[in-house]
Amino acid sequence: MSVLLDVRGLSVTYRDGERTVHAVDGVSLCIAAGETLALVGESGCGKTTVALGILRLVPSPAGRVTDGRVLFEGRDLLTMPADELRRIRGQAISVIFQDPLAGLNPVLTVGQQVSEIIEAHVDASRREARHMTHEALRDLGFADPERIARQYPFQLSGGMAQRVMIAIATVLQPRLIIADEPTSSVDVTIQLAILEE
């Protein structure tokens, strides 16, 4: 199998006043196409920070990647221009964060948010994007995806919001999905469906 993601010596620090906190120190991992890799550890050990570091999403100025290389299909995500990285995020690599309500825009409908990722990366008409949105929501267990697409995040339960986040992350069938506790707020049957997907 070909190597999809090769992380070499990733280090991330945060400034806490005068103190520097080494949140991630020299993490290396390799993921081949079609492979699943799980990072396991107790709360606060740096799993989310690894995900943020891979995608250059570490909140600055407090945090920053201080060392390492993140090769996605041979190209270093840490050194590529920001506009090129934006084209990769969402289409080739997507992320599912553990807090769906923080990740969804409260003033846009669910349908607008799923369609937005499609329209940003695919040459699709609004009608095609809407159809893809409804299919993605249906695949995540929504019996009435057209109704869900018209709702706002505050109208959804935590589990429903998490399924919307997963729909956004998977609608374009990215080559790599980084999932940060993606099933923590959904019921057991949906957990199984998500893990199978």
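A quick note: this is a predicted structure, and the numbers were derived from the prediction, not measured.
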| field | Residue pair Tyr14 / Gly63: nearest heavy atoms and the distance that separates them | value | CD2-CA, 3.4 Å

| What pair of heavy atoms forms the shortest contact from Ala129 to Glu119, and how long is it? | CB-OE2, 3.8 Å

| Minimum side-chain heavy-atom gap Pro145-Ile148 below 4.5 Å | no

| task | Heavy atoms only: give me the nearest Ala167-Leu137 pair and the separation to one decimal. | result | CB-CD2, 4.0 Å

| said: Which residues pass the side chain to side chain contact (heavy atoms under 4.5 Å, CB included) test with Ser43, not counting sequence neighbours? | reply: none

| note | Scanning both residues in full, the closest heavy-atom pair of Thr66 with Val12 reads OG1-N, 4.2 Å

| field | Counterpart residues, side-chain hydrogen bond (donor to acceptor under 3.5 Å, both in side chains), relative to Thr20 (two or more places apart) | value | Arg15

| note | Value for CG (Leu156) from CD (Gln162), rounded to nearest 0.5 Å, stands at 11.5 Å

| Closest non-hydrogen atom pair between Glu128 and Asp123, with its separation | OE1-O, 4.4 Å

| Check: Leu140 main-chain N/O paired with Arg163 side-chain donor or acceptor under 3.5 Å | yes

| field | side-chain hydrogen bond (donor to acceptor under 3.5 Å, both in side chains): pairs with one or both residues in residues 147-158, sequence neighbours excluded | value | none

| field | Contacts of Arg19 that satisfy side chain to side chain contact (heavy atoms under 4.5 Å, CB included) - sequence neighbours left out | value | Asp16, Val21

| When hydrophobic residues are tied together by side-chain contacts of less than 4.5 Å, even through go-betweens, does Val95 share a cluster with Val164? | no

| said: Is there a path of hydrophobic side-chain contacts, each under 4.5 Å between heavy atoms, that joins Leu172 and Ile88? | reply: no

| said: Suppose the criterion is side-chain hydrogen bond (donor to acceptor under 3.5 Å, both in side chains): which pairs have a residue in residues 77-96, not counting sequence neighbours? | reply: Arg75-Glu84

Side-chain donor/acceptor pairs under 3.5 Å, residues 28-40, sequence neighbours excluded:
{"unit_1": "Ser28", "atom_1": "OG", "unit_2": "Gly9", "atom_2": "N", "d": "2.8"}
{"unit_1": "Glu35", "atom_1": "OE1", "unit_2": "Ala32", "atom_2": "N", "d": "2.8"}

| request: With sequence neighbours excluded, tell me which residues meet salt bridge (Lys or Arg N to Asp or Glu O under 4.0 Å) with Asp25. | output: none

| remark: Sorted by chain and residue number, the salt bridge (Lys or Arg N to Asp or Glu O under 4.0 Å) partners of Glu135 (sequence neighbours excluded) come out as Arg138

| Under 3.5 Å, is there a donor-acceptor pair between the side chain of Asp67 and the main chain of Leu10? | no

| said: Taking Leu176 as the starting point, is it possible to reach Leu78 by hopping between hydrophobic residues whose side chains are less than 4.5 Å apart? | reply: yes

| query | Heavy-atom distance under 4.5 Å between the side chains of Ile118 and Thr133, does that happen here? | reply | yes

| query | So how far is it from Ile96 CD1 to Ile168 CD1, rounded to the nearest 0.5 Å? | reply | 10.0 Å

| query | Hey, mind stepping through His134 and His131 against side chain to side chain contact (heavy atoms under 4.5 Å, CB included) and telling me if it holds? | reply | CA-CA 5 Å; His134 294 162; His131 175 73; 5.7 Å; no

| query | Sequence neighbours excluded, which residues qualify as side-chain hydrogen bond (donor to acceptor under 3.5 Å, both in side chains) partners of Glu73? | reply | Arg175

| task | Would you indicate whether the side-chain heavy atoms of Ile93 and Ile178 approach each other to under 4.5 Å? | result | yes

| Do Val114 and Met132 touch side chain to side chain, with heavy atoms closer than 4.5 Å? | no

| query | By side chain to side chain contact (heavy atoms under 4.5 Å, CB included), which residues pair with Gln112, not counting sequence neighbours? | reply | Leu108, Thr109

| From His22 NE2 over to Ser11 OG, what is the distance, rounded to the nearest 0.5 angstrom? | 8.5 Å

Can you give each donor-acceptor pair under 3.5 Å made by side-chain atoms of residues 47-61, sequence neighbours left out, with the distance rounded to 0.1 Å?
{"unit_1": "Lys47", "atom_1": "NZ", "unit_2": "Gly41", "atom_2": "O", "d": "2.8"}
{"unit_1": "Lys47", "atom_1": "NZ", "unit_2": "Glu42", "atom_2": "O", "d": "3.2"}
{"unit_1": "Thr48", "atom_1": "OG1", "unit_2": "Gln98", "atom_2": "NE2", "d": "3.4"}
{"unit_1": "Thr48", "atom_1": "OG1", "unit_2": "Asp180", "atom_2": "OD1", "d": "3.3"}
{"unit_1": "Thr48", "atom_1": "OG1", "unit_2": "Asp180", "atom_2": "OD2", "d": "2.5"}
{"unit_1": "Arg56", "atom_1": "NH1", "unit_2": "Leu77", "atom_2": "O", "d": "2.8"}
{"unit_1": "Arg56", "atom_1": "NH1", "unit_2": "Met80", "atom_2": "O", "d": "2.7"}
{"unit_1": "Arg56", "atom_1": "NH2", "unit_2": "Met80", "atom_2": "O", "d": "3.4"}

| field | Apart from Leu71 itself, residues in the same hydrophobic cluster as defined by side-chain heavy atoms under 4.5 Å | value | none

